[in-house]
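Numbering of ligands and ligand atoms starts at 1, following listing order. Please read all numbers here as calculations on a predicted model, not as lab measurements.
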Amino acid sequence: MIEYYDISGCYILRPWTMAVWEMMQTFFDAEIKKMKIKNCYFPLFVSPAVLQKEKDHIEGFAPEVAWVTKSGQSDLEVPIAIRPTSETVMYPYYSKWIRGHRDLPLRLNQWCNVVRWEFSHPTPFIRSREFLWQEGHTAFATKEEADKEVLDILELYRRIYEEYLAIPVIKGKKSELEKFAGGFYTTSVEAFIPNTGRGIQGATSHCLGQNFAKMFDITFENEKGEKAMVWQNSWAYSTRTIGVMVMVHGDDKGLVMPPKVASVQIIVVPVPFKDADTQAIFDACDATVNTLNEAGFRAEADLRDNYSPGWKYSHWEMKGVPLRIEIGPKDLANKQVRAVRRDNSAKIDIPMVNLVEQVKDMLDNIQQNLFDVAKHKRDACVKTVRTWDEFIEALGQKKMILAPWCDEMEVEKDVKARTKGETGAAKTLCAPFDQPDLEGVNCFVTGRPGKKWSYWGRSY
Ligand SMILES: O=C1CCCN[C@@H]1CCCn1cnc2ccccc2c1=O
C-alpha cells in the first residue's frame with residue numbers, strides 16, 4: 001500500500017493504494033457533477049495576512065501550519081503558508097465573484113493535497129502530515145439550500161463507506177466542542193474500529209452559516225435589491241478512508257480488499273503438475289483472465305515461474321485480492337476452475353461455461369458479506385448506558401457508548417478531563433440523526449434532563 005518516507009508523517013502511496021483512491025474518486029466526482037458542482041484548483045500557498053483573517057478559526061490550528069520561509073539561499077520577504085485547508089485561499093475570490101443572486105449558488109470542489117504539521121504520532125492514512133482529499137466549498141442565497149446540501153453530501157460519504165469500502169458508519173451531528181470552530185454546525189459519518197475500540201471520523205460536511213461571509217465580505221444583492229450575506233458549506237473526505245478500510249477488514253493473513261475498490265478483483269494462479277501439459281494450463285489461465293476482463297472485472301494471472309502456487313496463494317491473500325482462481329490439470333480435464341474466496345476461504349469449483357456469472361455472484365456476495373460482518377462486529381461494540389458507572393465500565397470494555405446527556409460544552413470537557421488516560425480521553429463522536437426517545441431520560445453525567453443521545457468513545 002505505502003512506502004515509508006524519510007520525512008516523518010509522510011508516506012509514499014503505491015499503486016495498490018492509489019487504485020482504491022481512484023475508484024472512490026470516480027464515484028464521488030461523478031456524483032457531485034450530477035449536483036452541478038464544478039472542480040477547480042486553487043494555489044497551494046496562502047499569504048499570512050489572509051490566513052490570519054479568521055483568528056478563532058485558525059488559532060487552535062496555528063501550530064499545524066507549515067511555512068515556506070526561503071527560496072534557494074535567500075529568505076523570503078514574507079513567509080508563505082502551505083494550505084492546511086482552503087477556506088482562506090478561496091473565500092477572498094468568492095467575495096469578488098459573488099455580486100448578485102444570479103451568481104448563486106456557487107459550488108466548487110477541488111481534489112488536492114493539504115499539509116498539517118501534526119505532532120501526535122503519525123500513522124499511515126490515519127494521521128499524516130500531507131494527505132489527499134477533496135474539499136467542497138459552496139455558497140447559497142438561503143440557509144435552507146445550504147442545510148439540504150450538507151445532508152446530500154453526507155449521504156455520498158455514507159455511500160463511499162457502506163457501498164464501496166463495506167464499512168458501516170453512523171450519520172450524526174458533532175457537539176459544540178467537537179465541531180469545526182469556524183463553522184455553524186458540523187455533520188459527520190463516524191466509523192468504529194472493533195479491534196482497538198476507537199471511533200474514527202470518516203468524513204465531515206459542515207454548514208459554515210454566514211461566519212465566513214462576514215469575515216470575507218461575501219455578500220450579494222438579493223431579488224429585493226438588498227445586500228445579503230451568503231450561506232456556506234464545506235465538506236471533505238480524505239485518504240484516511242483507506243486506513244479505515246485496512247483496519248476494519250484486515251485479518252491475520254493481511255489485507256482484505258472489498259471487490260468494489262480492489263485494484264485486482266480476481267487473481268488466476270496456474271497449478272502445473274510434472275507430467276501435465278503446462279502450456280495448456282497457462283493458456284487456460286490467460287483465457288480465463290481475458291474472459292473476466294472482457295466482462296468488466298479486474299483480473300490478472302500470476303504466471304511467474306519462480307514461485308510455487310502455495311507461495312502465490314499467500315502472497316495474493318496478504319494483498320487482499322477478493323477472489324483467487326486456481327487452474328490445474330484436473331480442472332482443465334473437467335472444464336472447470338477452482339475459486340477461493342478471501343473473506344471466508346470458501347472453495348468452489350466453477351464450470352468454465354458459468355465463469356462470468358458465478359464470479360459476479362461471488363464478488364457481489366463477498367462485498368455484501370464484508371459489510372455484514374463489519375456491521376455485526378461494530379454493533380456488538382455498541383453499548384447503551386444511563387449512568388456514569390456504566391459509562392466508565394463500557395469505556396474500559398472498549399465500547400462505542402450511546403449515552404443521553406445535557407449537551408453542554410462544559411460537561412463534555414469534564415468527561416474528557418475525567419477519562420484522560422494513556423490511551424486518550426473519551427469524547428463525543430456524534431449525536432446520531434436517529435435519536436432514541438428522551439422522555440424521562442437524564443444526563444449520565446449531571447443527572448439533569450437529557451437533551452440528546454450521543455455516541456461517545458476514545459477516538460483516532
Ligand atoms: O473539514 C473541513 C472540510 C473541508 C474544508 N475545511 C473544513 C474545516 C477544516 C478545519 N481545519 C482543520 N485543520 C486545520 C489546520 C490548520 C489550519 C486550519 C485548519 C482548519 O481550518
Colleague: Between ligand 1 and Trp133, is the shortest N or O to N or O distance under 3.5 Å?
Modeller: no
Colleague: Quick one: look up the protein heavy atom nearest atom 9 (C) of ligand 1 and list residue, atom name and how far away it is.
Modeller: Thr85 OG1, 3.8 Å
Colleague: Please write down residue, atom name and distance for the protein heavy atom closest to atom 2 (C) of ligand 1.
Modeller: His206 NE2, 3.2 Å
Colleague: Side-chain contact, heavy-atom cut-off 4.5 Å: Met318 with Lys253?
Modeller: no
Colleague: May I ask you to check if Arg386 and Phe391 form a cation-pi contact, with NZ or CZ under 6.0 angstrom from the six-membered ring centre and within 45° of the axis?
Modeller: no
Colleague: Counting heavy atoms only, which of Gly183, Ala236, Gly136 is nearest atom 4 (C) of ligand 1?
Modeller: Ala236
Colleague: Less than 3.5 Å between some nitrogen or oxygen of Glu135 and one of ligand 1, yes or no?
Modeller: no
Colleague: Report the C-alpha separation of Glu178 and Lys427 in whole Å, then their side-chain angles, then the decisive distance to 0.1 Å, and conclude whether the side chain to side chain contact (heavy atoms under 4.5 Å, CB included) test is met.
Modeller: CA-CA 8 Å; Glu178 290 302 319; Lys427 60 200 262 194; 3.2 Å; yes
Colleague: Look at the aromatic rings of Trp21 and Tyr237 and report parallel, tilted or perpendicular, splitting at 30° and 60°.
Modeller: tilted
Colleague: With a cut-off of under 6.0 Å to the ring centre and 45° to the axis, is Lys173 in cation-pi contact with Tyr185?
Modeller: yes
Colleague: Give the numbers and elements of all ligand 1 atoms closer than 4.0 Å to a heavy atom of Phe180.
Modeller: 8 (C), 10 (C), 21 (O)
Colleague: Could you please spell out the steps behind the ring-ring contact (aromatic ring centres under 6.0 Å, His included) verdict for Trp453 and Trp405?
Modeller: CA-CA 6 Å; Trp453 285 88; Trp405 68 303; over 10 Å; no
Colleague: Would you mind running through ligand 1 and noting each atom that sits below 4.0 Å from a heavy atom of Pro84?
Modeller: 15 (C), 16 (C), 17 (C), 18 (C)
Colleague: Between Tyr455 and Val382, is a side chain to side chain contact (heavy atoms under 4.5 Å, CB included) present by the stated rule, with each step listed?
Modeller: CA-CA 9 Å; Tyr455 282 101; Val382 175; 3.9 Å; yes
Colleague: Phe433 ring centre to Lys171 NZ or CZ under 6.0 Å, with the angle to the axis within 45°?
Modeller: no
Colleague: Do me a favour and list the nearest non-hydrogen protein atom to atom 13 (N) of ligand 1 with residue, atom name and distance?
Modeller: Arg116 CZ, 3.3 Å
Colleague: When you look for heavy atoms under 4.0 Å from ligand 1, do you find them on the side chain of Phe61, its backbone, both, or neither?
Modeller: both
Colleague: Among protein heavy atoms, which lies nearest atom 21 (O) of ligand 1, and at what distance?
Modeller: His57 NE2, 2.6 Å
Colleague: Minimum distance, heavy atoms only, to atom 5 (C) of ligand 1: which one of Glu87, Lys179, Glu64 is it?
Modeller: Glu87
Colleague: May I ask you to list the atoms of ligand 1 that are less than 4.0 angstrom from any heavy atom of Thr204?
Modeller: 1 (O)
